[in-house]
Amino acid sequence: MRHCLALLALLLSLPLHAAQLHLELGDTSRTWSSEALLVHAQAKDINVDQDVSYKRPMQYRAVPLAALLDGVNAGDHLQAVALDGFAAEMPAGPLLQKGPAQAWLAVEDPAHPWPALAPGKPGAGPFYLVWSNPQAGAIRPEQWPFQIATIRRLAPVEQRFPALLPDPALPANDAVRQGFALFQQNCLVCHRLNGAGDAQFGPDLNVPHNPTEYFQPGYLRQYIRDPQSLRQWPQARMPGFAEGVLSDQELDALLAYLGHMAKRRP
C-alpha cells in the first residue's frame with residue numbers, strides 16, 4: 001500500500017505534457033505546443049456566449065486562427081483533423097477574416113483541463129476551433145471542430161474525390177448541386193460516400209446502400225433532424241440538424257443529392 005501511495009504521489013508531481021498541434025500548409029509545416037500557444041503574442045481570453053459543443057457560455061485562452069495560417073490565401077481549402085478521425089472541410093476565406101465572425105483556436109491548458117462534453121466523454125481539448133459572433137457569418141456547427149490534432153491545406157473536395165461529384169450535365173442551379181455543397185459542409189466531416197472522403201467516423205452513405213433507399217422519406221427527415229428520436233443508444237454520436245442549422249429547403253437539397261448519388265455508385 002505504501003508503495004502504491006508513493007507511486008501516486010510521484011505521478012501527481014510530474015509536469016503535465018503539452019499537446020501538439022500540427023500545421024501542414026503546403027510548402028510549410030510547423031508544430032505548435034499548447035504551452036507555446038498559451039503565451040502566443042496574440043493569445044487572449046475570449047468569451048463564447050453560446051458554445052456549440054458545450055451548449056453553454058464558455059471562456060477560453062485563444063489565438064486568432066489567422067495568426068497561425070502563414071501563407072494561406074482566402075481561396076485555399078483547409079481540413080481540420082481531430083484525434084478521433086473527424087475531418088472538417090473548411091474554405092480558408094472565413095477563417096482568415098477578422099470579423100464580423102472571427103475564428104479562434106482555443107487552447108486547453110494542461111494544468112486546467114476543460115470539462116467533459118458529456119458524462120463518460122472527453123473534453124473538447126487540446127485544441128478547439130471556436131467563433132466570436134458566429135451568427136454574422138452563418139457559421140454552422142460543423143465549423144466548430146474540437147480535439148483538433150492537425151490542420152492542413154489540401155485541394156478542394158471535388159478535386160480530391162471525384163466519386164462525390166453529381167452528374168456534370170446537371171444545370172448550375174439544380175438543387176442537387178446545392179445539396180452537394182451542403183453534404184460537404186454537414187456530412188463529409190463524419191461520413192464517406194462511394195468510398196471517397198477522409199473521415200473515419202461514420203459509415204459510407206452510398207455503399208453498399210444509400211439511406212434514401214432503406215428509409216421511408218418521412219423517417220429519413222426525422223432521423224436527420226433528431227437521430228435519437230428513431231434510434232437510441234448511449235454511444236450515438238450523430239447530432240441532430242435543427243431548422244436553424246439546416247432549413248427545410250436545404251434539407252430538401254441534401255436529400256436530392258443523396259437520392260441522385262444512389263444512381264451513381266462506382
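Note that the structure is a prediction, hence the values are computed from the model and not measured. No hydrogens, no waters, no symmetry mates; every other heavy atom, side chains included, goes into these values.
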Answer yes if the side chains of Ser132 and Trp104 hold a donor-acceptor pair under 3.5 Å, and no otherwise.
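Side chains of Ser132 and Trp104: pair found under 3.5 Å.
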Report yes or no: do Asp51 and Tyr128 form a side-chain donor-acceptor pair below 3.5 Å?
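Yes, Tyr128 and Asp51 have a side-chain donor paired with an acceptor closer than 3.5 Å.
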Restricting to non-hydrogen atoms, name the atom on [X] and the atom on [Y] that form the minimum distance, rounded to 0.1 Å.
X	Y	result
Met90	Pro145	SD-CG, 4.5 Å
Leu193	Asp204	CA-OD1, 3.5 Å
Ala67	Gln42	CB-NE2, 3.6 Å
Ala43	Val63	CB-CG2, 3.9 Å
Lys121	Ala116	O-CB, 3.0 Å
Pro203	His191	O-ND1, 2.7 Å

Criterion salt bridge (charged side-chain N to carboxylate O under 4.0 Å, His left out) on Asp248 and Arg225, from CA distance to verdict
CA-CA 10 Å; Asp248 283 339; Arg225 290 291 190 213; 2.7 Å; yes
Are [X] and [Y] grouped together when hydrophobic residues (ILVMFWY) are joined by side-chain heavy atoms under 4.5 angstrom apart?
X	Y	answer
Val245	Leu188	yes
Met261	Phe161	yes
Val81	Trp144	no
Trp131	Leu246	no
Leu165	Val207	no

Whether the side chain of [X] engages the backbone of [Y] through a donor-acceptor N/O pair (distance < 3.5 Å, no angle test) should be reported.
X	Y	result
Glu250	Ser247	yes
Asn186	Leu182	yes
Arg264	Ala163	no
Arg265	Asn194	no
Arg152	Glu24	no
Gln147	Gly123	yes
Asp76	Asn73	yes
Arg192	Gly202	no
Asn47	Gln59	no

Between [Y] and [X], is there a side-chain heavy-atom distance shorter than 4.5 Å?
X	Y	value
Gln102	Gln97	no
Val157	His77	yes
Gln228	Met238	no
Leu78	Leu154	no
Leu83	Ile148	no
Phe127	Val107	yes
Phe215	Leu230	yes
Ile151	Gln79	no

For Gln143 and Leu129: C-alpha separation, side-chain torsions, deciding distance, then whether side chain to side chain contact (heavy atoms under 4.5 Å, CB included) applies.
CA-CA 8 Å; Gln143 293 171 274; Leu129 176 56; 5.6 Å; no
Working note: Trp114 + Asp109, criterion side chain to side chain contact (heavy atoms under 4.5 Å, CB included); need CA distance, chi angles, decisive distance, verdict.
CA-CA 8 Å; Trp114 298 334; Asp109 185 344; over 6 Å; no
Gap separating the [atom1] atom of [X] from the [atom2] atom of [Y], nearest 0.5 angstrom:
X	Y	atom1	atom2	result
Cys187	Ile224	SG	CD1	7.0 Å
Glu213	Leu258	CD	CG	10.5 Å
Leu68	Leu95	CG	CG	11.0 Å
Asn210	Tyr257	CG	OH	9.5 Å
His260	Asn206	NE2	CG	10.5 Å
Thr212	Leu255	OG1	CG	8.0 Å

After noting the C-alpha distance and the side-chain angles of Phe146 and Phe86, does the key distance pass the side chain to side chain contact (heavy atoms under 4.5 Å, CB included) rule?
CA-CA 9 Å; Phe146 53 82; Phe86 183 100; over 6 Å; no
What side-chain donor-acceptor pairs closer than 3.5 Å can you find for residues 27-36, not counting sequence neighbours?
unit_1, atom_1, unit_2, atom_2, d
Thr31, OG1, His22, ND1, 3.1
Ser33, OG, Ala36, N, 3.0
Ser34, OG, Ala19, N, 3.0

Is the number of heavy atoms from other residues, nucleotides or ligands within 6.0 Å of CD (Glu243) greater than 12?
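Yes, the 6.0 Å shell around CD holds more than 12 heavy atoms from other groups.
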Identify the residue among Arg160, Gln184, Gln185 that makes a side chain to side chain donor-acceptor pair (under 3.5 Å) with Glu89.
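Answer after filtering Arg160, Gln184, Gln185: Arg160.
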Stepwise side chain to side chain contact (heavy atoms under 4.5 Å, CB included) check, Leu251 with Phe241
CA-CA 9 Å; Leu251 180 53; Phe241 292 85; over 6 Å; no
Does the distance from a Lys or Arg side-chain N to an Asp or Glu carboxylate O, for Arg221 and Asp252, drop under 4.0 Å?
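Answer for the salt bridge query: yes.
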